[in-house]
Amino acid sequence: MTDIHEKQQVRVRFAPSPTGYLHIGGARTALLNWLFAKKHNGVFILRIEDTDAERSTSDSIEGILDGLKWLGLDWDEGPYFQTHNIGAHKQAAQKLLKTGHAYKCFCTKETLEAKKEAAMAAKTAWQYDKTCRYLTPEQVMEKETAGQPFVVRFKVPEGDGSVVFEDAVYGAIEKRFSDIEDFVILRSDGSPLYLLSNCIDDINDRITHIIRGQDGLANTPRQLLIYNALAAPVPVFAHMPLTLDLKKRKISKRTHGEVVAVQFYREKGFLPWALVNFLVLLGWHTSDDREIFSKEELIEAFSLEGVSRSNSIFNYTPGDAKFFTDPKALNINAHYIRTMPVEELIIWVAEALKTTGLYDESLKTDKRAWFISTIDLIRQRFHTINDFATLGAAYFSDNFVMNEGAVKKNLLKHPGLKDWLPKLGEKLESIQSWTIEETEKNVRQFIEENELGSGVIINAIRTVVTGQAVGPGLFDCLVAIGRERVVARLKRNLTCWN
RNA sequence: GGUCCCAUCGUCUAGCGGCCUAGGACGUUGGCCUCUCACGCCGAAAACAGGGGUUCGAGUCCCCUUGGGACCGCCA
């Protein structure tokens, strides 16, 4: 295709720090990396940046792995753990020290703090004043033998130059040397800082494309300096816009709660691919009007060029009575529920029924055909998989909740129903065949004989039989639920009538 | 405060100088269908942040203002 030097295999990584569960912003970053790898037949690496021992917990590591697996974002290498590579990070710092790209700084936190405050008071910008950068070797030796603690700082080039790079999303970015301070790469206890560790791991993992959140954009010039000082090949950087809330704050589990956790969507009955499809649309698009993609289509369509530069907003209103998350996410989930092959859908529905105790092994065997046709019948108006087990419970069990509004609207308004419904039950009990045509014929006959309103009776039957005011055509419902249950439900003495 | 980035309907976005009286999707909303609700179909309301340039022509290029965000730690 192109010349051999460009045929280097694509290697990308997702490098979360496990300080909480996988949230949708992180999932989106992982997704874009995954897509990029798939698109280019590359390798997707998972690296856990767990160097913050206090905040990293095995629970959150598990949470991240689970979340990625559930979404179907499988990785080819890893998980690697940053803490395992600390030796390499320290070595790199020593190398920088040796090659004159870094120096030991003996300034104490206290003196630095005082200088910073003075600068604040004088309203001038603070940047480390490089006092230790020009210490003579003798002075350094003296301080060291005196046992003075030191940090290692990177020696940022001086003069008029600047760091320039081409971000795959944001284009040319330039940052002047003079605007970058001599940053710390090793603490006084000898441990490496994130900026260094992250960079060294990327070099060691031979990462070719760094696809990350836009919050990494400001770190890039400093990391580029490290790459150059180490004479390491520089990867392509691609920064993704951030996902904010309606108030334009960064989304976080702490301030937004469960809605931003991937796990929440699993519990709420989302299809993983529906979430993926929603997430990819947050800050990325094709130039045609497509919004629904199969896995293959998405990999085919994906390109960094479609990533937008402005932050996108996760359209979630806390306390919304109608939408428990971004309406578009719900819409996409519903779209998949009503359009995916039923045979696939029933696998998810079966899971939901199991967790609510509505599952029966026969749904897999003799009742499988019934299961398929029933799910196909009711799926059109459901938004989540959980709806099958809640709103659709009446199809699988006699233990279902009567919707209050439905009872009020379709039953209580017409007291005569208390007598009509059992009578109808008796009539239906003995009809010849339990088909859509026969049940409809008999119900309509009943309505006519007793001079009743058809809407009233039909809606009342629906409510008494399914517990809901809404649903598929009534006679389809009756056939799906079966004669025995329908008759029993018509005849039963509802508590609401007493 | 310094540096960097961003700016089209409520939200996600199309648009890379004339195809734009600004298109699509979600949401909102009117109607059709109808035993209900949904689906589907047909409509409606809804945006180029403001101001200067450049140009025959600007949503599209440049500058300023305003607004928003990110980063500035011996956190990751």
Identify whether any heavy atom of [X] sits under 4.0 Å from a base atom; if not, whether one sits that close to sugar-phosphate; answer base, sugar-phosphate or nothing.
| X | answer |
| --- | --- |
| Cys107(A) | base |
| Leu474(A) | base |
| Gly471(A) | base |
| Thr124(A) | nothing |
| Gly473(A) | base |
| Pro221(A) | nothing |
| Phe323(A) | sugar-phosphate |
| Ile332(A) | nothing |
| Lys109(A) | base |
| Gln127(A) | nothing |
| Arg462(A) | base |

*Which residue lies more 5' along RNA chain B, comparing Leu282(A) with Arg222(A) via nearest heavy atoms*: Leu282(A)
_Along RNA chain B (nearest heavy atom to each residue), the more 5'-positioned of Lys322(A) and Pro241(A)_ = Pro241(A)
*State plainly whether the residues Asp205(A) and Arg13(A) are in salt-bridge range, i.e. N to O under 4.0 Å.*
no
*Look at the side chain of Lys328(A) and the base of A25(B), then say whether one donor and one acceptor between them are separated by less than 3.5 Å.*
yes
*Determine the sole option in Lys155(A), Arg133(A), Lys104(A), Arg222(A) for which the salt bridge (Lys or Arg N to Asp or Glu O under 4.0 Å) test with Asp182(A) is passed.*
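Testing each of Lys155(A), Arg133(A), Lys104(A), Arg222(A) against Asp182(A), the sole residue satisfying salt bridge (Lys or Arg N to Asp or Glu O under 4.0 Å) is Arg133(A).
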In the strands shown, is [N] matched to any nucleotide by a Watson-Crick or G-U wobble pair with both distances under 3.5 Å, and which?
| N | answer |
| --- | --- |
| G43(B) | U29(B) |
| A7(B) | U66(B) |
| A76(B) | none |
| U34(B) | none |
| A58(B) | none |

*Would Trp284(A) and Phe278(A) count as a close aromatic pair, with their ring centres under 6.0 Å?*
no
*Glu404(A) atom CD, neighbour heavy-atom count above 12 within 6.0 Å*: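 Open: at most 12 neighbouring heavy atoms sit under 6.0 Å from CD of Glu404(A).
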Can you tell which of [options] lies closest to the side chain of [X]?
| X | options | result |
| --- | --- | --- |
| Ser308(A) | A70(B), C6(B), U13(B) | U13(B) |
| Asn331(A) | A25(B), G27(B), A76(B) | G27(B) |
| Gln380(A) | C5(B), U36(B), C39(B) | C39(B) |
| Phe475(A) | C35(B), G23(B), A38(B) | C35(B) |

*Reckon Ser454(A) has a side-chain N or O less than 4.0 Å from the OP1 or OP2 of C35(B)?*
no
Mind checking whether [X] and [Y] have parallel, tilted or perpendicular rings, split at 30° and 60°?
| X | Y | value |
| --- | --- | --- |
| Phe154(A) | Phe183(A) | parallel |
| Trp420(A) | Phe446(A) | perpendicular |
| Trp126(A) | Tyr128(A) | perpendicular |

*So, Asp50(A) side chain and Thr83(A) main chain: donor-acceptor pair closer than 3.5 Å or not?*
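Yes: the side chain of Asp50(A) pairs with the backbone of Thr83(A).
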*Okay, side chain of Asp320(A), backbone of Tyr316(A): is any donor-acceptor separation there less than 3.5 Å?*
no
*Can you tell me how far P in G24(B) sits from the matching atom in G51(B), rounded to whole Å?*
27 Å
*Please measure how far the C1' atom in G15(B) lies from the corresponding atom in A58(B), and state the result in whole Å.*
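About 12 Å, rounded to a whole number of Å.
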_Whole-Å distance separating the CZ atom of Phe154(A) from the P atom of G73(B)_ =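 Nearest whole value for this atom pair: 17 Å.
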*For RNA chain B, determine which residues of residues 174-187 of chain A have any heavy atom closer than 4.0 angstrom to one of its atoms, and list them numerically.*
Glu174(A), Lys175(A), Asp179(A), Glu181(A), Val184(A), Arg187(A)
